[in-house]
Amino acid sequence: MEAGLLLATRFGWQTSDAMIRVVLAEDSYLVREGVTRVLDLAQDVELVASVTDATALHAAVDQFKPNVVVTDIRMPPTFSDEGIVAANTLHDTHPGLGVVVLSQFDEPEYAIKLLERGSANRAYVLKDRLSEPAALLAAIHEVAHGGSLIDPAVVERLVDARTRFESSSLATLSKREWEVLSLMAQGCTNEAIADRLFLSTGVVEKHSNAIFSKLQLTEERDINRRVKAVLIYLAEGKPSR
Amino acid sequence: MTKSRGALLGTVLVLIAAAFVGSFWLSVHRPRGFPDATTFDAIWVAPFLAFPAVGALIMSRRPRNVIGLLLVGIGATMALSLLLTELSRDLAATPSMSPAATPVYLVGDNLIKVGLAGVAVLLLLFPDGALLSPRWGWVLWGMVVAVALAISASLLSGSRLDEGHLPPSPLAWPPARPLADAMRGPLGLAIFGAFLVVCGVSVVLRYRAGREITRRQLKWVALAVGVFAIAEFVTNLVGLAHVPGWVNQVLLVPPSAAAIGVAAAIAIAILRHQLYDINVVISRTLAYGAMAGVIALVYAVGLVGVGAAVGSRAGSNVILAIIATAAVAVIFQPLRVRLERAANRVVYGQRATPYELLSGFTRRAVEGYAADDAIDLLAKAMADGLTAEAAAVRIGAADGTCVLVCWPGPGAPAGRALREVIVKDQGEELGALLIWRTDPFNETEERLLNDLAAHAGLLLRKRGLTAELRHRLDELRASRQRLVAAQDEERRRIERDLHDGAQQQLIAIGARLGLAEGSAVGDEQARLFAELKAEVASALDDLRSLGRGLSPPLLESQGLKGALTALARRASVNVELRVDPGRFGREVEAAVYFCISEALQNASKHSGASRVLIEVEGRDDRLDFAVRDDGHGFVAGAKRGSGIQNMVDRMEVLGGGLQISSGPHGTEVSGWMPLMRVKAPPRESL
């Protein structure tokens with residue numbers, strides 16, 4: 001497959017402030033097509049460039065100055081985890097730039113690595129989610145506005161593993177607290193959790209306090225740090241660092 | 001040696017002897033009231049004479065030998081010095097005290113310093129007449145400067161000379177007096193002592209760096225010096241007790257004899273070291289020295305101790321002496337055997353005489369001692385047993401590819417070997433034994449050599465077979481390694497194909513279903529879309545776990561820690577992990593992951609375990625891992641699946657190993673493998 005820039009710039013001059021400019025990095029033609037079509041659905045999302053490897057991605061980011069990068073994990077030349085390496089590099093070179101990692105792997109280890117330098121502007125979404133166009137678009141909007149999002153399937157895998165065996169502090173959580181905890185891990189704010197669970201924000205805050213005291217975690221007011229802390233707790237069964 | 005040189009040497013030697021005897025005569029016949037006749041005792045003339053005599057002997061055989069020249073020089077200097085010193089005292093003893101006394105004394109006294117410096121130089125140059133390395137030249141020059149300083153000090157000092165018997169030097173320069181006096185006293189002594197220590201260090205270094213020959217030469221002299229030191233010590237010790245004067249005179253005999261022994265040892269070391277085996281001499285000296293000590297002790301205890309206990313009566317002494325003699329006679333033989341054995345161990349390590357050495361060697365060779373080592377031992381046995389300069393075993397025919405194993409090495413000495421014995425087995429030439437020695441072999445040695453050649457045939461045959469076997473084994477291991485590597489590569493390729501092919505297609509289908517879903521009409525169609533999407537998702541899940549089973553992508557990107565964490569999360573038992581976060585190279589990680597996942601699967605499927613502990617610890621040069629469960633273990637001898645064999649194979653291919661222990665309270669699978677640890681991952685660490 002030819003590397004480099006696959007030109008897909010359209011209507012660049014019409015971009016308004018509200019427009020979210022997206023650069024896509026994906027080496028599979030089929031997936032590229034799928035993502036392009038999903039992005040076509042949204043009025044405020046514009047695909048400005050498509051590339052097939054990490055080197056071309058950095059060039060395209062410099063050239064097209066996008067708001068959001070949507071990237072595959074495994075790309076040429078080493079087919080390892082170029083997408084996540086690129087996301088971490090972009091954290092330093094382009095702070096504030098949103099990155100949605102489109103992944104075929106449901107192991108939380110990749111998501112945790114993605115959040116290594118903070119969860120702001122970062123989303124980890126399984127490619128399976130392409131069958132629900134709204135999910136990918138939601139992730140793009142989330143990272144464009146400084147939020148974060150972890151694919152529910154990934155969080156579910158963690159929660160499954162944790163609930164399968166008796167585990168010291170996690171075993172003390174109620175069913176409702178589990179629901180709140182997994183939404184926290186997915187990157188939801190207290191308001192979003194309240195919306196999803198049809199609760200008031202106050203009640204969610206109470207649950208949140210209870211969870212953190214039961215898990216003996218320092219409560220993170222900063223939503224971005226909270227995502228990472230909860231995710232690592234779920235993955236490793238103990239507070240990080 | 002030419003006649004004229006011989007005559008010259010003889011004259012020098014006679015003059016030296018005359019000087020010693022003359023000074024002795026002078027010291028004895030001096031009028032009373034002047035420094036008396038005890039400057040040196042007649043008994044010391046012989047050893048003093050022995051050194052130049054040995055020097056002359058060496059020079060007569062090896063005219064250019066530096067050591068010989070040095071010995072003659074030191075002897076002449078010392079003799080002259082003694083003669084002049086004694087002469088100066090005689091001059092001083094004349095009624096009018098001759099004015100020549102002081103200058104003559106100064107010359108004589110300073111010659112001693114030159115002579116002593118010569119002894120230090122001897123230490124630096126022995127045995128080959130060359131410095132250990134050019135760097136030691138500085139010590140030589142330092143010594144020249146120190147001697148010059150000492151001479152200047154004696155000339156410039158204003159003190160009275162010869163313990164106050166003689167007026168001061170005519171060249172006395174008062175301002176220099178304090179320093180000059182210090183130089184003549186403790187400072188000078190300290191400087192000379194320091195040089196002596198440095199020269200001693202040179203000898204030690206020479207011994208440590210030296211080849212076998214040098215070591216043997218040094219051993220001769222070390223033995224003699226050791227005997228001399230012991231004799232001196234014993235004499236002085238006895239001298240402390242109040243013994244009659246004649247006993248003191250007699251006690252001077254052993255140290256002076258030992259001093260002559262030092263001279264003789266130097267001669268042997270330089271001229272004849274190849275003829276006698278110093279190690280035998282040392283071991284005999286040790287054995288008989290110790291025996292003399294024990295016998296003396298038995299006598300002493302028998303005569304004094306028992307005598308005192310019984311109460312000394314007239315006539316009982318004779319009986320006690322007879323008893324003590326009988327006791328000595330009884331213990332003599334077993335004592336000799338024991339002490340000889342002990343002395344041999346001290347000197348040779350394990351074996352004793354060359355014959356024992358050879359027979360011991362052949363026994364070990366036949367027992368199948370490590371074959372490579374045996375060849376070295378053979379070369380060493382030949383060199384030691386035949387007191388050869390060097391010995392070597394040639395492996396392979398001379399006209400083909402051959403290897404030479406030499407002792408003392410490194411490499412064979414220049415020049416042709418004295419003897420080359422072809423080693424044959426069943427008519428085939430397998431190699432040869434080579435000996436470098438100057439003296440021809442006697443009959444016994446010839447027999448010895450032939451015996452050795454016969455044994456060497458078997459040895460070389462065995463070595464050839466071993467080498468071939470090892471080569472085949474290496475080949476087998478390499479091919480097994482290639483097989484495993486190819487299998488791993490194939491698994492990775494299939495995983496990648498699944499990821500890039502079928503999975504992407506399913507994802508694309510899912511995406512199109514998602515897009516088309518928007519235009520679905522009615523509940524029927526909506527349900528159909530939902531079903532199709534669920535089927536795609538389930539197919540994707542299946543492909544994902546298939547790919548993970550082939551080669552987990554996490555292992556490649558995050559190493560054992562990440563991959564094992566994910567593996568543990570999917571396990572049906574509670575898993576605790578203690579995993580080193582380091583990276584260890586693709587093959588090692590793949591093999592360890594394979595074994596651990598296999599062991600974890602066994603534990604969760606068959607053992608009834610509720611908890612499993614997985615440990616991986618990487619050290620500098622090896623990686624250890626263990627999988628422990630609390631299940632009921634497996635019954636010993638029960639049919640085991642191919643799983644365990646596969647695990648063992650994967651470990652052994654990389655030079656590691658696996659151990660499985662099982663009991664009613666659980667099973668432990670532990671393995672290890674050698675490492676070339678990857679210090680930092682080649683790409684950015686995530």
Side-chain angles (χ1 to χ4, degrees), chain A residues 1 26-38 40-41 72-75 78-89 102-110 112-114 116 126-136 153 157-158 160-162 164-167 234-237, chain B residues 492 495-496 498-501 503-518 529-530 532-534 536-541 543-545 547-548 552-554 556-558 561-577 610-611 681-686:
Chain A
M1 185 180 299
E26 167 63 63
D27 64 324
S28 159
Y29 169 78
L30 289 171
V31 176
R32 225 164 35 233
E33 279 301 296
V35 173
T36 309
R37 290 196 193 175
V38 168
D40 270 346
L41 293 176
D72 187 14
I73 291 190
R74 207 169 168 183
M75 284 185 289
T78 61
F79 297 97
S80 173
D81 49 7
E82 286 76 5
I84 287 176
V85 175
N88 286 336
T89 309
L102 263 186
S103 169
Q104 260 158 278
F105 310 120
D106 57 358
E107 283 97 346
E109 275 61 41
Y110 291 99
I112 290 169
K113 286 293 177 192
L114 175 66
E116 203 160 61
L126 290 185
K127 285 184 180 172
D128 308 31
R129 217 54 66 197
L130 285 179
S131 64
E132 284 150 45
L136 175 59
R157 180 166 283 289
L158 282 174
D160 269 1
R162 282 292 151 221
R164 208 161 348 135
F165 310 107
E166 293 291 310
S167 177
L234 284 174
E236 295 175 3
Chain B
R492 272 193 285 272
E495 189 275 330
R496 194 170 297 162
L498 280 178
H499 175 276
D500 293 345
Q503 283 193 51
Q504 309 285 359
Q505 281 179 16
L506 279 171
I507 287 163
I509 290 170
R512 291 175 71 178
L513 281 173
L515 290 168
E517 199 178 18
F529 271 113
L532 284 173
K533 275 163 65 178
V536 167
S538 139
L540 268 172
D541 263 348
L543 284 181
R544 251 199 291 270
S545 63
R548 258 198 309 263
L554 250 181
E556 182 118 13
S557 60
Q558 291 190 21
K561 181 147 172 58
L564 289 175
T565 309
L567 181 72
R569 194 175 293 122
R570 286 189 299 272
S572 58
V573 288
N574 198 354
V575 178
E576 188 185 342
L577 286 172
S610 62
R611 290 181 59 82
R683 20 173 220 93
E684 186 192 345
S685 167
L686 285 175

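Convention: sequence-line order gives letters A, B, ...; per-chain numbering from 1.
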- Once you round to the nearest 0.5 Å, how far does CD of B:E517 lie from CD of A:E132? 7.5 Å
- Rounding to 0.5 Å, atoms CZ (A:R74) and NE2 (B:H499) come to a distance of 5.0 Å
- Query: With a 4.5 angstrom heavy-atom cut-off, which part of B:A516 approaches chain A: side chain, backbone, both or neither?
  - Reply: neither
- Interatomic spacing from OG in B:S557 to CD1 in A:I84 - rounded to 0.5 Å: 7.5 Å
- Message: For B:L554, which atoms come within 4.5 Å of any heavy atom of chain A: side chain, backbone, both, or neither?
- Response: both
- Query: Measuring heavy-atom distances to chain B, does A:A134 have an atom under 4.5 Å in its side chain, in its backbone, in both, or in neither?
  - Reply: neither
- Query: Using a cut-off of under 4.5 Å for heavy-atom pairs, which of A:Q104, A:R129, A:E33, A:R37 has the most such pairs with chain B?
  - Reply: A:Q104
- Note on the structure: For A:S131 and B:K533, the nearest pair of non-hydrogen atoms, with its separation, is O-NZ, 3.1 Å
- Among the listed options B:A568, B:A566, B:G547, the residue most often paired with chain A at heavy-atom distances under 4.5 Å: B:A566
- Item | Intermediate values then yes/no, side chain to side chain contact (heavy atoms under 4.5 Å, CB included), A:R32 and B:Q504 | CA-CA 10 Å; A:R32 225 164 35 233; B:Q504 309 285 359; over 6 Å; no
- Query: Considering only heavy atoms, which portion of B:S572 lies under 4.5 Å from any heavy atom of chain A: side chain, backbone, both, or neither?
  - Reply: backbone
- Item | Non-hydrogen atoms of B:R569 and A:A161 that approach each other most closely | CG-CB, 3.0 Å
- For the student: nearest non-hydrogen atoms of B:P553 and A:F105, plus distance: CG-CE2, 3.5 Å
- Query: Minimum heavy-atom separation for B:G562 to A:E109, with atom names?
  - Reply: O-CG, 3.8 Å
- Portion of A:L136 that has a non-hydrogen atom of chain B nearer than 4.5 angstrom: neither
- Item | Rounded distance (nearest 0.5 Å) linking atom CD of B:Q558 with atom CG of A:D81 | 7.0 Å
Would you be so kind as to tabulate the donor-acceptor pairs closer than 3.5 Å made by side chains of residues 506-513 of chain B, with sequence neighbours excluded?
none

- Given that the side chain runs from C-beta out, which part of B:V573 has a heavy atom under 4.5 Å from chain A: side chain, backbone, both or neither? backbone
- Considering residues at least two apart in sequence or located in another chain, which fulfil the salt bridge (charged side-chain N to carboxylate O under 4.0 Å, His left out) criterion with A:D106? A:R157, B:R544, B:R548
